[in-house]
Structure formats: C-alpha cells, structure tokens
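Below: the structure, in structure tokens.
Keep in mind that this is a model prediction, so the values were computed, not measured. Here is the naming used below: chain letters follow the sequence lines, and residue numbers restart at 1 for every chain.
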Amino acid sequence: MASEMEGTPKETEGYQIKVAPLAYVKVLLASLQYSAKEGDTNPSEKITGIFTGSRVGKELKIANFYYLRNLGDKDFDIANFPEILGQMEKLQLQLQKRKDPEECEIIGWVASINATDLTPAPIHLKTQYFLQAEVAENMVGALFAPALLEESHGLAFFHLRGDYRYVTEFSPVVTSEYMLATIGDSESIFDLLIEVNERFHYKDRKLLLPPLGGM
Amino acid sequence: MVKAIITGNSYMKILSHVLRFWGTSLPPKDRQASYGLLVGRYENDQILIHDVEPIMHNPADDLLFEDSFMQTYSDVNGVKAQVESQDRVIGWYRTVLSGGLKFSARDIRNQVKFQSLDPNASALLFDPAALEGSLGFSIFRLHGTRFFSAMSEFGKVPWEVKDFEDADIDSIVRFFRDVTKAFKSGKHFIEEFQEGDIPAAEEEIK
C-alpha cells in the first residue's frame with residue numbers, strides 16, 4: 001500500500017508550462033527597452049514582474065505578464081521591494097473580479113538577469129522561498145536572460161521542492177519545461193501593439209511598456 | 001461566397017503603418033493617411049492576404065493613384081516573382097482620416113485601376129478611430145468581371161483575421177523584437193517601400 005510520511009516532499013518533478021506570446025513579448029518589451037543601443041541583448045537595467053494565468057494540476061498556462069519594477073543593476077530580492085507584495089495582492093483581487101478563466105490567478109514572478117546561465121542565484125532562491133512560504137506554495141519563479149535571445153527564448157522556470165511547512169531556501173530546486181503556445185486570443189496582441197505604437201510615436205518615447213503604477 | 005482571410009501578421013503590419021501617422025494623442029490636423037498594397041493569392045472563393053507592403057503616406061486620404069503608385073504594383077510583383085513566391089499584389093489599403101468606412105468616389109476611381117489589372121483585386125479601408133470595439137476596417141470590391149468604371153457598383157467583402165497559430169509565434173516574437181530595436185535606434189519599425197534604401201551614388205560617397 002502506498003503511503004506518505006509527514007514531511008515527505010509532495011512534488012518530485014516540475015510543471016508543464018505554456019506561455020502565451022502576449023506574456024512573452026511583454027517580458028521582451030519590458031526588458032529590452034532598457035538596452036543601451038539597437039539590438040543590444042544585455043540591458044544594464046533589470047526588471048521584474050508577475051506572470052498570471054491558470055493552472056490545472058501540473059499544467060500551468062501563462063496568459064499575461066505585468067511589469068512591476070525596474071531593478072536597476074540589482075538582482076531581484078523581494079526583501080528590497082516589499083511593496084511588490086501589495087501589488088500582487090491587488091492584482092489577485094482584480095483577477096478574481098474579472099473572472100476570466102484563462103487568467104484567474106498569479107502563476108509566479110519573473111526577473112531578468114545579466115548572464116547567460118539560467119541557474120537561479122542564492123538571492124533568487126531566497127526570494128522564491130519567501131514567496132512560496134508566505135504567499136503561495138505553488139508559485140513559480142522564472143529568470144529571463146536577454147543575452148540568450150539569439151539562441152533561445154532565454155527563459156527558465158523553477159520552484160523549490162517540498163511541503164510548504166518544510167520548504168527552505170536550501171530546498172532542492174525543481175526546474176520546469178516550458179513552451180510558447182498560442183493560448184489567448186490574437187486581439188490581445190493587437191491591443192498591445194496599439195498601445196506600443198501610441199507610446200513609440202506620440203508619447204515621450206521614454207518607455208515602450210511602463211511598469212504598473214508608473215515609474 | 002467570396003471571403004477575405006487576413007493573417008494576424010498582415011493585420012499587425014497594416015496597424016503599425018496606419019498608427020505611425022495617426023495617433024489618438026496627435027492633433028487631427030497632423031494625422032496623415034497611410035497607403036499600401038495587399039499581397040497574397042486567391043484560392044477558390046477565398047482572398048488570402050498573407051502580407052502587406054507599406055508604400056507611402058499623405059496628408060489627406062483622397063489620393064488619386066498615379067503612375068508612380070501603380071509602378072510599385074509592378075515593383076512588388078517583380079520582387080515576389082524573383083523569390084519564386086506564388087503571392088502577388090491583390091489589392092491596396094488606406095487610412096480613413098474622417099467620415100468613417102465609406103468607399104468614396106476617389107476610392108472607386110483608384111479601385112478601377114486595380115481591378116482593370118486584376119479583376120479580383122480588393123481595397124481595404126482602415127479607420128483607426130473605429131479601433132475601440134472592432135478591428136477597424138472594411139474590404140470593398142467593384143462588382144462585375146471586366147470593364148470597370150467609375151459608375152460600377154461596389155460592395156463589401158466579408159473578412160476574417162486568422163487566429164495566430166503555434167507556427168506564427170516566431171514571427172510575433174520577431175516583430176516585437178524589431179519594435180525594441182527600432183525604439184533604441186530611433187528608426188521606424190515599419191518602413192515604407194524603399195524607404196530605407198540608399199541610392200547607389202550616396203552609398204559610394206559614404
């Protein structure tokens with residue numbers, strides 16, 4: 001008879017993650033708008049934001065991305081940006097009100113890194129531990145490396161294994177497979193393009209995708 | 001019944017060309033009309049718009065197509081033939097600056113030129129003011145099969161913008177990467193026909 005002892009890790013493998021093009025191109029816009037020059041894939045400023053979507057068991061569908069903060073030259077450490085927790089809470093309430101089954105909850109966070117290695121650094125693990133332990137056990141973290149764009153989409157997803165009572169920042173890291181897939185409607189991409197065009201041509205041209213709640 | 005099917009990428013290109021010269025925050029007197037060509041093919045009763053070629057812009061939206069505009073028709077077809085594509089110019093588009101999606105007398109005169117060359121050609125009018133709540137365009141064609149004139153009757157062609165498929169993802173990503181590149185370089189991310197070309201003589205001087 002199969003049994004499970006207290007404290008036995010519940011999760012032994014990663015999620016299967018589908019990322020909508022809308023969410024991915026918003027990450028691209030948020031990050032690459034800080035490139036120093038045309039075609040530069042090593043922007044000096046890093047960003048972080050939230051992936052939203054839906055989940056059924058191990059299958060996560062990321063429908064959208066909300067750009068939250070420009071991190072400057074720092075890596076994402078939630079301890080330095082406690083206001084992000086409030087933004088997450090607000091976003092979660094908005095999603096609940098909207099009742100869109102494709103985008104009904106926060107799936108996780110993503111931060112850009114200035115490296116070609118997508119292995120989470122200790123600071124990312126600390127952030128992930130905090131969010132899994134304090135906000136939602138099933139939240140995933142993601143890193144986006146613009147420097148890898150010539151060869152891949154430059155994304156990697158991870159979370160910490162274990163029951164939330166036992167997860168620590170030293171818990172084993174589980175990575176997840178992902179693919180870009182056409183979930184969501186085409187019109188959301190067109191709406192984004194309309195917004196971007198307006199900012200590109202007629203606003204102050206400072207940003208293509210400003211962070212939620214302004215600078 | 002004839003129906004036009006437009007790829008999502010073609011729609012994004014038209015949208016970007018139109019919005020390059022028309023913004024909600026731009027005073028109406030500064031808005032300009034974009035003109036371009038529809039590229040694709042016909043299959044059974046379907047008009048398949050696979051691509052568009054942005055050609056030019058004009059302060060007013062009542063441009064009468066002259067030889068120079070019609071020359072681009074041949075030029076674009078020449079380029080398509082060179083790369084052995086089965087696609088050809090199958091119509092044109094323009095921005096509506098005011099008055100809504102009405103096929104004007106000037107549009108009919110322009111359309112006569114197109115349908116005299118290709119009886120199946122169509123015209124797409126794009127009204128950015130109608131973007132809230134719709135995709136902002138209608139497609140028109142003169143009735144009949146030959147001998148088109150300014151007196152020809154015309155009608156709307158039903159259309160559908162094809163949903164993105166997984167095979168389109170790379171082109172969507174490329175499109176938005178080009179946007180970020182243009183943002184940094186100060187260039188436009190949608191350029192008009194031969195806009196970026198440098199005449200040979202100038203290039204030699206450089």
Side-chain angles (χ1 to χ4, degrees), chain A residues 18-44 47 65 112 144 146 149-150 152-155 178-209, chain B residues 6-28 30-32 34 57 126 128-137 160-190:
Chain A
K18 287 185 176 169
V19 184
L22 175 72
Y24 180 72
V25 298
K26 282 172 86 171
V27 174
L28 271 187
L29 291 172
S31 172
L32 295 182
Q33 65 188 343
Y34 298 111
S35 301
K37 57 182 193 301
E38 178 185 0
D40 176 16
T41 50
N42 238 344
S44 53
I47 58 113
F65 165 76
S112 61
F144 172 64
L149 279 176
E150 297 310 323
S152 70
H153 292 123
L155 266 181
Y178 80 95
M179 62 184 285
L180 298 195
T182 45
I183 44 177
D185 54 20
S186 304
E187 287 183 30
S188 56
I189 299 262
F190 303 151
D191 289 342
L192 174 67
L193 189 57
I194 292 169
E195 272 179 50
V196 165
N197 262 289
E198 189 75 22
R199 282 194 213 102
F200 186 99
H201 295 296
Y202 308 112
K203 297 271 167 79
D204 57 12
R205 279 190 66 107
K206 278 188 186 151
L207 290 178
L208 288 170
L209 190 71
Chain B
I6 306 167
T7 61
N9 275 308
S10 304
Y11 180 77
M12 292 208 302
K13 280 178 82 173
I14 298 177
L15 191 60
S16 298
H17 187 208
V18 166
L19 296 181
R20 181 176 155 186
F21 303 102
W22 192 106
T24 50
S25 48
L26 199 64
D30 295 336
R31 294 173 182 163
Q32 298 198 46
S34 302
H57 55 281
F126 196 110
L131 273 173
E132 210 146 307
S134 80
L135 292 183
F137 71 92
E160 177 188 321
V161 175
K162 208 170 147 216
D163 275 334
F164 286 121
E165 294 169 359
D166 285 355
D168 300 318
I169 288 176
D170 284 348
S171 61
I172 300 171
V173 171
R174 220 173 15 248
F175 193 96
F176 280 91
R177 274 201 72 184
D178 287 346
V179 171
T180 62
K181 285 179 186 171
F183 180 65
K184 284 293 146 190
S185 67
K187 290 181 197 155
H188 294 289
F189 59 87
I190 194 95

Could I get the full list of salt bridge (Lys or Arg N to Asp or Glu O under 4.0 Å) partners for A:Glu187, not counting sequence neighbours?
none
Given A:Leu149, A:Leu32, A:Thr182, the one with more heavy-atom pairs under 4.5 angstrom with chain B than any other is A:Thr182
Less than 4.5 Å to any heavy atom of chain B: does that hold for the side chain of A:Phe190, its backbone, both, or neither?
both
Top contributor to chain B interface from A:Leu192, A:Leu28, A:Ile194 [non-hydrogen pairs under 4.5 Å]:
A:Ile194
Under 4.0 Å between a Lys/Arg side-chain N and an Asp/Glu carboxylate O for B:Arg20 and A:Glu198?
no
Measuring heavy-atom distances to chain A, does B:Leu131 have an atom under 4.5 Å in its side chain, in its backbone, in both, or in neither?
side chain
Could you label the plane-to-plane angle of the B:Phe126 and B:Phe137 rings as parallel, tilted or perpendicular, counting under 30° as parallel and over 60° as perpendicular?
parallel
Counting only non-hydrogen atoms closer than 4.5 Å, does B:Val161 touch chain A with its backbone (N, CA, C, O), its side chain (CB onward), both, or neither?
side chain
Under 4.5 Å from any heavy atom of chain A, what part of B:Asp170 do you find: side chain, backbone, both or neither?
side chain
Salt bridge (Lys or Arg N to Asp or Glu O under 4.0 Å) with B:Glu160: which residues, sequence neighbours excluded?
B:Lys3
Counting the benzene-type ring for Trp, do B:His17 and B:His57 have ring centres under 6.0 Å apart?
no
Using non-hydrogen atoms and a 4.5 Å limit, figure out which bit of B:Ile172 sits close to chain A: side chain, backbone, both or neither.
both
If the plane angle is over 60° it's perpendicular, under 30° parallel, otherwise tilted; pick one for A:Tyr24 and A:His153.
perpendicular
